[in-house]
Amino acid sequence: KAGVTQTPRYLIKTRGQQVTLSCSPISGHRSVSWYQQTPGQGLQFLFEYFSETQRNKGNFPGRFSGRQFSNSRSEMNVSTLELGDSALYLCASSLPQSSGNTIYFGEGSWLTVV
Amino acid sequence: EDQVTQSPEALRLQEGESSSLNCSYTVSGLRGLFWYRQDPGKGPEFLFTLYSAGEEKEKERLKATLTKKESFLHITAPKPEDSATYLCAVPGGGSEKLVFGKGTKLTVNP
């Protein structure tokens, strides 16, 4: 059974540019969430999607956005990149049941903003 | 506000030297406590979910336990390959959102 797949794995962008990251959840998982991981702040929740609807959003500026498609794939976008956006962006998926389900993570996308 | 605190931040052990990692949590209505292992440059790998106080789960040299206020990850006779950062998390906000601790970086020396 394939795990959570994220692309690209590594990317370098320039300040002011925008970036789109992709995530394919585990087959059958309809809930997809995104996290940002930095050495200083640890893992922080960005947003969660279920059935193409954003169910929850973390405390990040509006430059961070996402969407989910009908096949449960998800993308997140960061516009007007800042140096502080350099981080590991992790996608996670889980079964569409009540909260408390096991959440599985992908390998992440390493974003470096220069 | 939901909160997770892990201690110690870093732990160095000799191979075979058993120890425990701590995860204390504050959450309204616990709906599970998760333990993950994360290797450098990789995503968190799921280890255990605990749902109620008194519950225990084991996997190889790892055993996780849960009380009403904290969880412990016991590592028995660790090996160098157990070196990783161990993360603890709880669902918060009534959704799939996970609130993570900052992790414990474990180093096991041969």
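Here is the naming used below: chain letters follow the sequence lines, and residue numbers restart at 1 for every chain.
Annotation for R9(A): atom CZ counts as buried by contact number, over 12 foreign heavy atoms lying within 6.0 Å. For NZ of K57(A), the number of neighbouring non-hydrogen atoms (other residues, nucleotides, ligands) closer than 6.0 Å is greater than 12. When the shell of 6.0 Å around CD of E9(B) is examined, it contains 12 or fewer heavy atoms from other residues, nucleotides or ligands. Residue R15(A) places its CZ atom among 12 or fewer non-hydrogen atoms of other residues, nucleotides or ligands, all under 6.0 Å distant. Around NZ of K69(B), the count of heavy atoms belonging to other residues, nucleotides or ligands within 6.0 Å does not exceed 12. Enclosure of atom CG in N71(A) by more than 12 non-hydrogen atoms of other residues, nucleotides or ligands within 6.0 angstrom is indicated.
Contact record, F34(B) with T102(A): CE2-CA, 3.6 Å, taken as the closest heavy-atom pair. The heavy-atom pair separating L88(A) from K42(B) by the smallest distance is CD2-O, 4.2 Å.
Interface remark: L33(B) contributes no atoms to any contact with chain A (heavy atom separation under 4.5 Å). Both the backbone and the side chain of I103(A) come within contact range of chain B, each with at least one heavy atom under 4.5 Å from a heavy atom of that chain. Of the two parts of E45(B), neither the backbone nor the side chain holds a non-hydrogen atom closer than 4.5 Å to a non-hydrogen atom of chain A. Contact annotation for K102(B): only side-chain heavy atoms (C-beta onward) come within less than 4.5 Å of a heavy atom of chain A. When heavy atoms are compared at a cutoff of 4.5 Å, L90(A) approaches chain B solely by way of its side chain, counted from C-beta outward.
The closest donor-acceptor contact from the side chain of Y35(A) to the backbone of L98(B) lies under 3.5 Å.
Looking only at side-chain heavy atoms (C-beta outward), V99(B) and F45(A) stay at 4.5 Å or farther from each other.
Rounding to the nearest 0.5 Å places CD of Q37(A) at 8.5 Å from OG1 of T85(B).
Here G41(B) is the residue among G41(B), G101(B), A89(B) with the most heavy-atom pairs under 4.5 Å with chain A.
Taken together through direct or relayed side-chain contacts under 4.5 Å among Ile, Leu, Val, Met, Phe, Trp and Tyr, L43(A) and L21(A) form parts of separate hydrophobic clusters. In this structure, W110(A) is not a member of the same hydrophobic cluster as W34(A), with clusters built from ILVMFWY side-chain heavy atoms closer than 4.5 Å.
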